[in-house]
Student: 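Here it is, the structure, as structure tokens.
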There are 2 protein chains.
Amino acid sequence: MTQLSLTPAVALDAFDLAILDILQRDNTTSQREIAQAVHLSAPAVQRRIRRLRESGVIRKEVAVLDASRLGRPLILTVEVHLHDEHPQRTAGMRARIMAEPAIQQCYGITGEADYLLVITASSMAEYEALTERLFGGDDNIRRYRTSVALTCLKMGLHVPLT
Amino acid sequence: MTQLSLTPAVALDAFDLAILDILQRDNTTSQREIAQAVHLSAPAVQRRIRRLRESGVIRKEVAVLDASRLGRPLILTVEVHLHDEHPQRTAGMRARIMAEPAIQQCYGITGEADYLLVITASSMAEYEALTERLFGGDDNIRRYRTSVALTCLKMGLHVPLT
DNA sequence: GATGAAATAGCTACAGA
DNA sequence: TCTGTAGCTATTTCATC
């Protein structure tokens, strides 16, 4: 769940990194193609991919959809400021965040705000309804500050493999 | 590029949405499995997937990696405040952002700040070097405010298909 | 890590609604 | 125009070296 936990580093060699680099760009690439790109046999590539999946280095394999073509043209970012950030007092809000599919990302952050949300919405009306569900009855919410994303220069979770 | 452009809505029926819902959770699901889940034949599923890919509803198909297991345990969010947000004055910074693999996301937003960045880093030293490259010689940067992500409750680009 | 056989998945063509 | 059936091709998978 918490992507920031200190997980023991798995031993990855240059072959693994090369394979990962291909898969995180396009995981429909066939093992044979990968094999000749990294100069390995297809079964060797397959064993490495299986290990990377089982060890959790590959977290999941997914299709990335175009939200705007699926009726959700809006992206909003929200800074949430709490009165009290103790776990017991924030449990409810965390549960509501997890239960809302429209909330794509949520980070607990240092600094002025306590949480940063990235949200997709079909309309401002839908977004307002969401904020009401999220923050409406929670007296631990001090305030929240919404920004509308006008442009999206980059959107992804691509990890640099140096 | 700009995921927020108003693209003409593609006609998607319930079958398409059901297929997309499966693929954005796990795109390694075989066409046969999808076929029996949505009550269609495998070739019908394949034709629909091909159309969804070609029309851009499926933007890409990727493996999502665990950044912390790849030597990048830090997630940082940065609010960038500019003096002047005119395209000519921001072109350089936008280019630098696009060129930095460590910058995972960048939104141009309304409100106090002009840009919101989500960045992955291996260390604070690496992050500081990045900010120097990004903001160092640019006198259009008024200020930037960094937050460290302590927890990551949600991280993804999963689009709700209602 | 490589080779080769078996199983599985993906693709194309054709016929029908 | 779309679906489903059939058959082929390619890929993945597994056992063996």
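All of these numbers come straight from a predicted model, not from anything done at the bench. To find a chain, count down the sequence lines: A is the first, B the second, and so on, and within it residues start at 1.
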Student: Under 6.0 Å between the ring centres of Tyr115(B) and Tyr107(B)?
Tutor: no
Student: Got a second to check how far Leu70(B)'s CG is from Gln24(A)'s CD, nearest 0.5 Å?
Tutor: 8.0 Å
Student: Using distance alone, with no hydrogens and no angle criterion, decide if Glu126(A) and Ser122(A) have a side-chain donor and acceptor under 3.5 Å apart.
Tutor: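 There is such a pair between these side chains.
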Student: For Arg48(B), which contact category applies under a 4.0 Å heavy-atom criterion: base, sugar-phosphate, or nothing?
Tutor: sugar-phosphate
Student: What residue among Ile19(A), Asp16(A), Leu20(A) forms side chain to side chain contact (heavy atoms under 4.5 Å, CB included) with Ile49(A)?
Tutor: Ile19(A)
Student: Which is the 5'-most and which the 3'-most nucleotide of DNA chain D that has an atom under 4.0 Å from a heavy atom of chain A?
Tutor: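 The protein-touched segment is dT11(D) to dC14(D).
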Student: Using modelled atom types and a 3.5 Å cut-off, is there a donor and acceptor pairing between side-chain atoms of Arg96(A) and backbone atoms of Leu134(A)?
Tutor: yes
Student: Hey, does the side chain of Lys154(A) reach the backbone of Ile103(B) with a donor-acceptor pair shorter than 3.5 angstrom?
Tutor: yes
Student: On the nucleotide dC11(C), are OP1 or OP2 found under 4.0 Å from the side-chain N or O atoms that Gln46(B) carries?
Tutor: yes
Student: Among His86(B), Arg94(B), Gln88(B), whose side-chain hydrogen bond (donor to acceptor under 3.5 Å, both in side chains) with Thr90(B) holds?
Tutor: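 Result: among His86(B), Arg94(B), Gln88(B), Arg94(B) is the only option passing the side-chain hydrogen bond (donor to acceptor under 3.5 Å, both in side chains) with Thr90(B).
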Student: Between residues 17-40 of chain A and DNA chain D, which residues have a heavy-atom gap below 4.0 Å?
Tutor: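 Residues of residues 17-40 of chain A under 4.0 Å from DNA chain D: Ser30(A), Gln31(A), Arg32(A).
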Student: Give a yes or no answer on whether the side chain of Asn140(A) reaches the backbone of Asp84(A) with a donor-acceptor pair at less than 3.5 Å.
Tutor: yes
